[in-house]
S.K.: 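Handing you a structure now.
So you know, we letter chains A, B, ... as the sequences are listed, proteins then strands, and number each from 1. Not measured: the values here are computed from a predicted model.
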Amino acid sequence: MDTNELNPQQLQAVRHTEGPLMLVAGAGSGKTRAITFRILHMIRDKGIAPENILAITFTNKAAGEMRERVLGQMGEGGRAPWISTFHSLCLRLLRQHMEFSGYTKDFVIYDAQDQLSLVKKCMKAAQVNEEAFPPKTILNHISGFKNDYQLPEHIKLDALPYGHKLKAAHVYPHYQNALKENNALDFDDLLMMTVKLFKTNKELCDHYNDRFRYILVDEFQDTNLTQYHLIQLLSRAHHNVCVVGDDDQSIYRWRGANLENLLHFEKDFPGTTVIKLEENYRSTQTILNAAGAVVRQNAARREKNLWTRNESGEPILYYRAEDEIDEARAVCERIHQWVQDGASLNDIAILYRTNAQSRVLEDQLRHLGVTYQVIGGLKFYERKEIKDILSYLRVILNPNDSVSLKRIVNTPVRGIGKTSVDKIEAFCGEHHLNLLEGLRRAAEIVGAGPAKKIAQFVAMMDRFHQVAEDSSAVDLLKEVFEKTGYLTALQKENTQEAKSRLENLNELYSAVEQFVDIDRKGSLREFLDTTTLVADLDNLDDSRGVLALMTLHTCKGLEFDSVCIIGFENGLLPHASSLSSNDEYEEERRLCYVGFTRARKRLMVSNARRRRIYGSTFTYQPSDFINAIPREVMTMESSAPSMTASSSYSPSYASKSGGDEWSLPAGAPPPATDTGFAVGTKVLHPKFGSGVVVNREGSDGDMKVVVFFKGAGKKKLAVAHANLIVV
DNA sequence: CCCGCGCCACATTGA
DNA sequence: GTGGCGCGGG
């Protein structure tokens, strides 16, 4: 290890191994290098056993990279410390110790889809109206409880005002019971149950305090309260915790991330040493200027001074497009040009606020013949055909999983309809049976026809169970493919869609093959675990020469030579849903900051005068974040302001910079100052509650506004009829 | 009693 | 673009 490669602050962090440490690491400040050296220093110079070190990262990809770097430096026979994400860590702990409070070790993990279907069922049972209380909103609130370590028994109903949160609090205990009946945990449970486990079992907690004597937590600014409790519990004997983070990069508030953890840490861990890494090694001065200019407008932040010795580099390119197609074209053509000039696709990324924005880009890239990879969006393991097959595997392992069972009982169609299943479910409720047991007694419950089909289904599942015991997971999968008739049904369809589904199933087969070591027991379960816990980012292959497309959230922790960020419009970035809350608006700024600081050399930003989103056209204003960038570090290009709407395909690097196009470009609608309901106005609606105007058209009598409501989403309303109250 | 079609409302970010 | 639902045919 050559400590000459470290600056004084990094070196100080590396040498500080005993007692609490907070490493405030600005973007691109050599954080990973410092962390890796620190672990190596602990193992090699301090003689600390790797087993005694626990490092928690944000993604599996980051964990893998850190493990590789540590092992790479240690040479032959080196053992790696335990490096994983919060969720994988908790899953591993729970698999070992979960046999308490009614769960077995074969519990499954429910993803968002499963959660939603379970929450709907609970809402029906609790007689909560799905119209007035969208299941998604209820689920979000329940998730919020779990992120704050509020168990159902902790919640004081009379302390909550009437509203969605109160309803969620009513549904919450039903939902937890239902999860337990299904022998299932959701994502948030993984964390919450682990904390509960350690709180109720002091001995076990002591055991792990002894085991993990040195703990490191990366991306600390994005931890929630439950995760914070976990860190406290795991370190209460030794306080050897090093947290690494940057408040400017906190972008998961909506998922329960709690910036205050940064403040609490210094109180809860007395004597914390704080070290700031402020020298940026990644980006040009220009890029840092722009990023700093945006994030500096936030009131709630620790002042820091990120600086670099790097040269100022190219100015930021700002392209103002006619519409989203023109925007995509300009960005993709520019990238094409960079590649022609010798850039590698590996070193370029296109970032956007919402997944839906990728589609237009993909069309353009295909057209230009550029190979690309979309990270995120519909995940592989969430595709219908994959989830169907996985549901079979899940039920085979865990017969209590009624959510999966209901999914497959008539997939592919085999004559077991909703009516029969409903009857059996009702029967199960009365007799305290799980759904599979109910199906076994179908003859007592439904008519002879359906009963026979159900009996066949149950017999098939029993055979699968036998196969699972006797043979490998690969054989089992083959068996499921064939005996369920799933493949045959798809082959018969003979459509393009069916073909692509078959391809996906093929891919699933290879994935299982790769994963499963034939003789190892329990490997099917491990495979299923990974299917719920891998992030899409974990599959980003940065060695294949492929352009990466992803959201601003996903890009955290990555870096590229050149970065393009599209959709800089008020309403998209910052997103409409953030306009009514200052905290959320500030998070959008940080999101922008994270995006900018991914770039080493080049940054391109863009927006569009008109944009189609989900069928309707929006004319958002250029983003305030663009206006915050100092003009001297930016070059503007614009499409020729077109007279006809259809001319957006014409060559369009027409008007170069200058002029006073900056804040109010041609083609934008006139500023709304007159009759009220300007973009950004907060309003109240009798049914949808509070929202923000994000778009406006027409005037006076027939004025229509698009309002973004929390929970209800975007609504287009006629002002004359909607009874909107301006707040 | 099951199935498939067509209609409808829905759509931020994700381990 | 997708999933949920209601209806009429088998």
Side-chain angles (χ1 to χ4, degrees), chain A residues 56-63 84-91 109-113 115-117 120 130-131 134-136 140 143 146-147 185-191 219 222-224 226-227 251-257 351-359 375-379 381-384 410 412-423 446-451 453 497 529-538 550-556 567 571-579 584 587-588 590-591 594-595 612-616 694 708 710-715:
Chain A
I56 301 173
T57 57
F58 204 69
T59 62
N60 294 304
K61 182 178 161 67
S84 78
T85 64
F86 268 106
H87 287 87
S88 325
L89 166 73
C90 290
L91 177 61
I109 305 160
Y110 276 179
D111 66 17
Q113 292 172 30
Q115 290 178 52
L116 203 59
S117 95
K120 280 181 189 166
E130 290 188 19
E131 293 273 291
K136 255 206 181 129
N140 275 338
S143 176
K146 295 185 177 187
N147 291 153
L185 299 182
D186 66 18
F187 284 119
D188 305 315
D189 280 342
L190 292 175
L191 307 172
E219 306 284 4
D222 280 321
T223 54
N224 60 41
T226 305
Q227 289 165 324
I251 53 175
Y252 284 101
R253 215 187 84 93
W254 54 276
R255 211 169 74 183
L351 310 176
Y352 36 78
R353 179 67 233 274
T354 68
N355 282 309
Q357 290 171 262
S358 72
R359 175 158 267 118
I375 318 289
L378 219 211
K379 295 186 185 68
Y381 291 112
E382 286 171 3
R383 282 163 210 266
K384 184 185 180 314
N410 199 32
V413 284
R414 51 171 73 89
I416 306 172
K418 191 175 180 306
T419 319
S420 301
V421 176
D422 282 350
K423 278 186 190 168
V446 299
K453 289 172 177 151
E497 194 198 335
D529 283 349
T530 58
T531 63
T532 28
L533 287 190
V534 280
D536 268 308
L537 182 65
D538 302 336
M550 70 193 92
T551 64
L552 286 161
H553 282 92
T554 305
C555 78
K556 189 165 86 153
L572 200 53
L573 178 61
H575 195 268
S577 60
S578 72
L579 296 178
E584 287 176 39
E587 182 144 309
E588 299 286 310
R590 295 193 292 267
L591 204 48
V594 167
R612 280 183 76 79
I613 300 175
Y614 304 128
S616 43
V694 296
F708 190 98
K710 279 264 141 81
K714 276 184 203 143
K715 300 279 177 206

S.K.: Does B/dT12 have A/Trp254 stacked on its base, where the ring centres are within less than 5.5 Å and the planes differ by under 30°?
M.R.: no
S.K.: What integer distance in Å separates A/Asn140:CG from B/dT12:C1'?
M.R.: 11 Å
S.K.: Any chance the rings of A/His553 and A/Trp254 have centres within less than 6.0 Å?
M.R.: yes
S.K.: How would you label the contact of A/Asn355 with the nucleic acid (heavy atoms, under 4.0 Å): base, sugar-phosphate, or nothing?
M.R.: sugar-phosphate
S.K.: Starting the side chain at C-beta, find the nucleotide from B/dC2, B/dA15, B/dA11 nearest to A/Lys136.
M.R.: B/dA11
S.K.: Given 3.5 Å as the limit, does a donor-acceptor pair link the side chain of A/Glu219 with the main chain of A/Thr57, or not?
M.R.: no
S.K.: When the distance from CD of A/Gln115 to P of B/dG14 is rounded to whole Å, what number comes out?
M.R.: 15 Å
S.K.: Rounded to whole angstroms, how far apart are CG on A/Leu579 and C1' on B/dT12?
M.R.: 13 Å
S.K.: Applying salt bridge (charged side-chain N to carboxylate O under 4.0 Å, His left out), can you list everything that pairs with A/Arg414, at least two apart in sequence or on another chain?
M.R.: none
S.K.: Looking at B/dT12, I'd like to know if its phosphate oxygens (OP1 or OP2) sit under 4.0 Å from a side-chain N or O belonging to A/Ser578.
M.R.: no
S.K.: List the residues meeting ring-ring contact (aromatic ring centres under 6.0 Å, His included) with A/Phe58, not counting sequence neighbours, and say none if there are none.
M.R.: A/Tyr252
S.K.: On a plain distance test, is the side chain of A/Ser577 in donor-acceptor contact with the base of B/dT12 below 3.5 Å?
M.R.: yes
S.K.: Rounded to whole Å, how long is the line connecting atom NZ of A/Lys556 with atom C1' of B/dT13?
M.R.: 12 Å
S.K.: Need one value for A/Lys423: base, sugar-phosphate or nothing, where a base atom within 4.0 Å counts as base even if backbone is also close, heavy atoms only.
M.R.: sugar-phosphate
S.K.: Grab the CG-C1' distance between A/Leu91 and B/dA15 for me, whole Å please.
M.R.: 12 Å
S.K.: I need the CD-P distance between A/Glu131 and C/dC5, as an integer number of Å.
M.R.: 11 Å
S.K.: Which pairs, protein N/O on one side and nucleotides 8-10 of chain C N/O on the other, fall under 3.5 Å?
M.R.:
none

S.K.: I'd like to check the side chain to side chain donor-acceptor pair (under 3.5 Å) partners of A/Asn60; sequence neighbours left out, ordered by chain and number.
M.R.: A/Ser88, A/Asp538
S.K.: Below 4.0 angstrom from OP1 or OP2 of B/dA11, is there any side-chain N or O of A/Thr354?
M.R.: no
S.K.: Would A/Arg255 and A/Asp222 count as a salt bridge (Lys or Arg N to Asp or Glu O under 4.0 Å) if you check the C-alpha gap in whole Å, the side-chain angles of each, and the deciding distance to 0.1 Å?
M.R.: CA-CA 9 Å; A/Arg255 211 169 74 183; A/Asp222 280 321; over 6 Å; no
S.K.: Out of curiosity, A/Leu116 CG to A/Lys136 NZ, how far, rounded to the nearest 0.5 Å?
M.R.: 6.5 Å
S.K.: For A/Tyr252, report the nucleic acid contact type (base, sugar-phosphate, nothing); a contact means any heavy atom under 4.0 Å.
M.R.: sugar-phosphate
S.K.: Of the non-hydrogen atoms in A/Arg590 and A/Ile251, which two are nearest, and what is the gap between them?
M.R.: C-CG2, 4.2 Å
S.K.: Using atom CD1 of A/Ile613 as one end and atom P of C/dG1 as the other, report the distance to the nearest whole Å.
M.R.: 15 Å
S.K.: If you only use heavy atoms from C-beta on, which nucleotide in B/dC2, B/dT13, B/dA15 is closest to the side chain of A/Arg353?
M.R.: B/dT13
S.K.: Heavy-atom nearest nucleotide on DNA chain B for A/Thr85 versus A/Lys453: which residue maps closer to 5'?
M.R.: A/Lys453
S.K.: Contact class for A/Thr554 (heavy atom, under 4.0 Å): base, sugar-phosphate, or nothing?
M.R.: sugar-phosphate
S.K.: Can you tell me the distance, in whole Å, between the CZ atom of A/Phe187 and the C1' atom of B/dG14?
M.R.: 8 Å
S.K.: Select base, sugar-phosphate, or nothing to describe what A/Thr59 touches, counting heavy atoms under 4.0 Å on all strands.
M.R.: nothing
S.K.: Which heavy-atom pair separates A/Thr226 from A/Lys146 by the least distance, and what is that distance?
M.R.: OG1-O, 2.6 Å
S.K.: So which protein N/O to nucleotides 3-9 of chain B N/O distances come out below 3.5 Å?
M.R.:
unit_1, atom_1, unit_2, atom_2, d
B/dC3, OP1, A/Gly415, N, 2.7
B/dC3, OP2, A/Asn410, ND2, 2.9

S.K.: Applying side chain to side chain donor-acceptor pair (under 3.5 Å), can you list everything that pairs with A/Lys418, at least two apart in sequence or on another chain?
M.R.: A/Asp422
S.K.: Using a distance-only test with no angle check, is there a side-chain donor-acceptor pair under 3.5 angstrom linking A/Asp111 and A/Thr532?
M.R.: no
S.K.: Where each residue is assigned the nucleotide of DNA chain B containing its nearest heavy atom, which of A/His575 and A/Leu533 is assigned the position nearer the 5′ end?
M.R.: A/His575
S.K.: When you match A/Arg359 and A/Lys418 each to their closest nucleotide on DNA chain C, which lands nearer the 5' end?
M.R.: A/Arg359
